[in-house]
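Some notes on the structure that comes next.
Note: hydrogens, waters and symmetry copies are ignored here, and every other heavy atom, side chains too, is used.
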Amino acid sequence: MESEQSLVKECIRGNQKACEALYYRYAGRLLSICLRYIPQQDVAEDVLQETFIKVFQHLPSFEFRNKGALQAWMTRIIVNQALNYLRNKDKSLHLIDLETVNPMKIKHPDNSTENFNSLDTDEIHRCIGRLADGYRTVFNLYIFEDYSHKEIASLLEITESTSKTQLLKARALLKKYMEETLNRKKVLQHYGS
Amino acid sequence: MEANNNFDDYLRQRLDGHEILPPPYQAGKLPVPVPISKPWFRNTIFIAAVLIVAIFISGILIIFQNKQTASNSVLPVHKNTIQSVDKEANTELLTKEASLPDENFPLQPLNKPINNQANQKEIIDQPASRIILAEFQRINMIPLREQRFSLVPKTLLNRKTDLRVMLPKTTDETNSSAIRVKTRPEQSLSAGLFFTPEWLFNTTGLDAKNMRSAGLEINYQLHRYSIRMGMGISHNRSNEEWDMAYQSYLGSYQKLDSMSFMYDAENHVLVPKYYLSDVTIYDERIENEKSIVSSTYTYLQIPLVMGYDFAEWKNLSFGLRAGPQLSLLIDASNSEPTYDAGNNRVISMTNISPDRLKTNWQFTAGPICNMWFGKGLSLQLEPHLKYYFNSVYEKATTDKPFAFGMRASVLIQL
């Protein structure tokens, strides 16, 4: 398997096959990340395409530091692209009504994660996709991109406390959605068997 | 809190490395990669370095050649030997040598027969070294086949060591440089044409890095000092970024505007008549696309450059030139982007590149290599660095630019 570094070099030289190889190597993972932010498959695919256009444009300026640097760089690009899309789509992304979901009404489910093992990854993905744009964005940035609340606040132009609240709600809602999915699955399995 | 952390870690673990393959047709939409050439400045620096090295090597070669010519034409005289040689001995030797029956010795010289006593006297009265020098010069001018009739035999000419001992030193010869012929005048006014390719730094990424200028100039030289004025036109290509805002075409349908009925008396039915119009549907979302358009800027350049030559030879000099230069923007040919919107609806087209300033001051400095040819013709090569006192853009998006250039000019003495 060609190393990341040599693949990048070949891409910079304009080798079409290397570019395709780069695409096939990372497209799946990047699309999965993008779908966490934008659940609509067709839109996520467009964002992925835009991401690769940007990647090829800026590849000469990419500095290869260590293994995994390329993936981290591409992840950052796709996250930014997804955030741009969400910003353009909904100019008031940062003004999500905090009372859309009343935290009091959320029944905090069982904290154990063992039950969720029977859910497959796609199902978890779909559950994340059911979250409102604002919740999902904060949740993804905090959980998967390791952003601090301060960074999220500056990125989305919200306050730190809003970021914290949204994360709390997103987490509670996600658990709820996952439990619902789990229950539905159990029912289907019961009647299926 | 701990439960939350557990849940977060669980999700991270579950979704780590998760992949959702995009449909295969997506790969076909990949942009065709453009081969990336080496950064432009590497090539430029390389070319500049090669030019400078070439100039200095050629300079050194010319100097070396000049030194060789000088050492051949000027006969060094040792002070000690001059004292012991008198005119009679000198004459004796010359006449003695001249009367030798040598095949190289001319029995009938070209214009001064050796057996003519009056001529002999004339020769004797002159400083010997002058005669020899005159002969050297004359021999060089006579075609090779005639050289055998020259006043001084070839054997004698080849015996430089003998001559050194024999010939007394004259006052003119004390300063050996007096014998050298200087092509370059001490004071001169010359005019000519110049051409300067330049490479700009610290401009926006879209601007062309190279600039060409050409024009007329007048150069006044007094000894080692000089002043240069002129007027030139410079062209700079620039790529400007336009922002296209458009709405994507989604489709069209026929809208029923109105309908009327006519009564068909034969069949006793109402016949409807529809009035339709085409309605195009555009995406509500406004998309943006960047378009690059090439523009050309023309500047009038007025330099005032002072100079000093620190090294001079027969037909070559090296020096320094420095001075201010005024640039006035006299023409800007901006072309509108030719954007093929297809069925899309163009909302706006805006030039988002910064405008250029009308007036600009620069300071230019650099070494100069001046080569003098015959008939007052000279060639100047001047690699220089140009610093811009202000940005070339109205809104300074970059630091103050600077340029590296190579001025080449041909001057004729007036």
For A:Ser32 and B:His18, does a side-chain donor sit closer than 3.5 Å to a side-chain acceptor?
yes
Any heavy-atom pair between the side chains of B:Asp8 and A:Tyr142 that's under 4.5 Å?
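Side-chain contact under 4.5 Å: yes.
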Heavy-atom side-chain contact between A:Asn88 and B:Ile286 under 4.5 Å
no
Report the C-alpha separation of A:Ile124 and B:Leu11 in whole Å, then their side-chain angles, then the decisive distance to 0.1 Å, and conclude whether the side-chain contact (heavy atoms from CB on, under 4.5 Å) test is met.
CA-CA 8 Å; A:Ile124 297 173; B:Leu11 282 176; 3.7 Å; yes
Side chain of B:Arg14, backbone of A:Leu119: donor and acceptor closer than 3.5 Å?
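Present.
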Given side-chain contact (heavy atoms from CB on, under 4.5 Å), test A:His125 with B:Ile20 step by step and report yes or no.
CA-CA 10 Å; A:His125 237 273; B:Ile20 297 169; 4.2 Å; yes
Minimum-distance pair of heavy atoms, taken over all atoms of B:Leu15 and A:Arg36:
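Looking at all heavy atoms of both residues, the closest pair is CD1-CD, 4.1 Å.
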Which of A:Leu174, A:Ile33, A:Thr121 touches chain B most, by non-hydrogen pairs under 4.5 Å
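Highest number of heavy-atom pairs under 4.5 Å: A:Thr121.
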Checking [X] against chain B: side chain, backbone, both or neither under 4.5 Å from a heavy atom?
X        : value
A:Leu35  : side chain
A:Leu59  : neither
A:Ile143 : both

Should we say atom CZ of B:Arg212 is surrounded by more than 12 heavy atoms from elsewhere, each under 6.0 Å from it?
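Not more than 12 within 6.0 Å, no.
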Can you confirm whether more than 12 heavy atoms, excluding those of A:Lys54, are under 6.0 Å from its NZ atom?
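Atom NZ in A:Lys54 is not crowded, with 12 or fewer foreign heavy atoms closer than 6.0 Å.
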Dump the intermediate steps for side-chain contact (heavy atoms from CB on, under 4.5 Å) on B:Tyr10 and A:Asn117, then the final yes or no.
CA-CA 10 Å; B:Tyr10 172 77; A:Asn117 284 342; 3.0 Å; yes
When you look at B:Phe7 and A:Met178, which way does the side-chain contact (heavy atoms from CB on, under 4.5 Å) test go after all the steps?
CA-CA 12 Å; B:Phe7 182 67; A:Met178 284 167 78; 3.8 Å; yes
Applying a criterion of heavy atom separation less than 4.5 Å, what residues of residues 144-152 of chain A form contacts with chain B?
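When heavy atoms of chain B are the reference, residues 144-152 of chain A contributes A:Phe144, A:Asp146 within the under-4.5 Å range.
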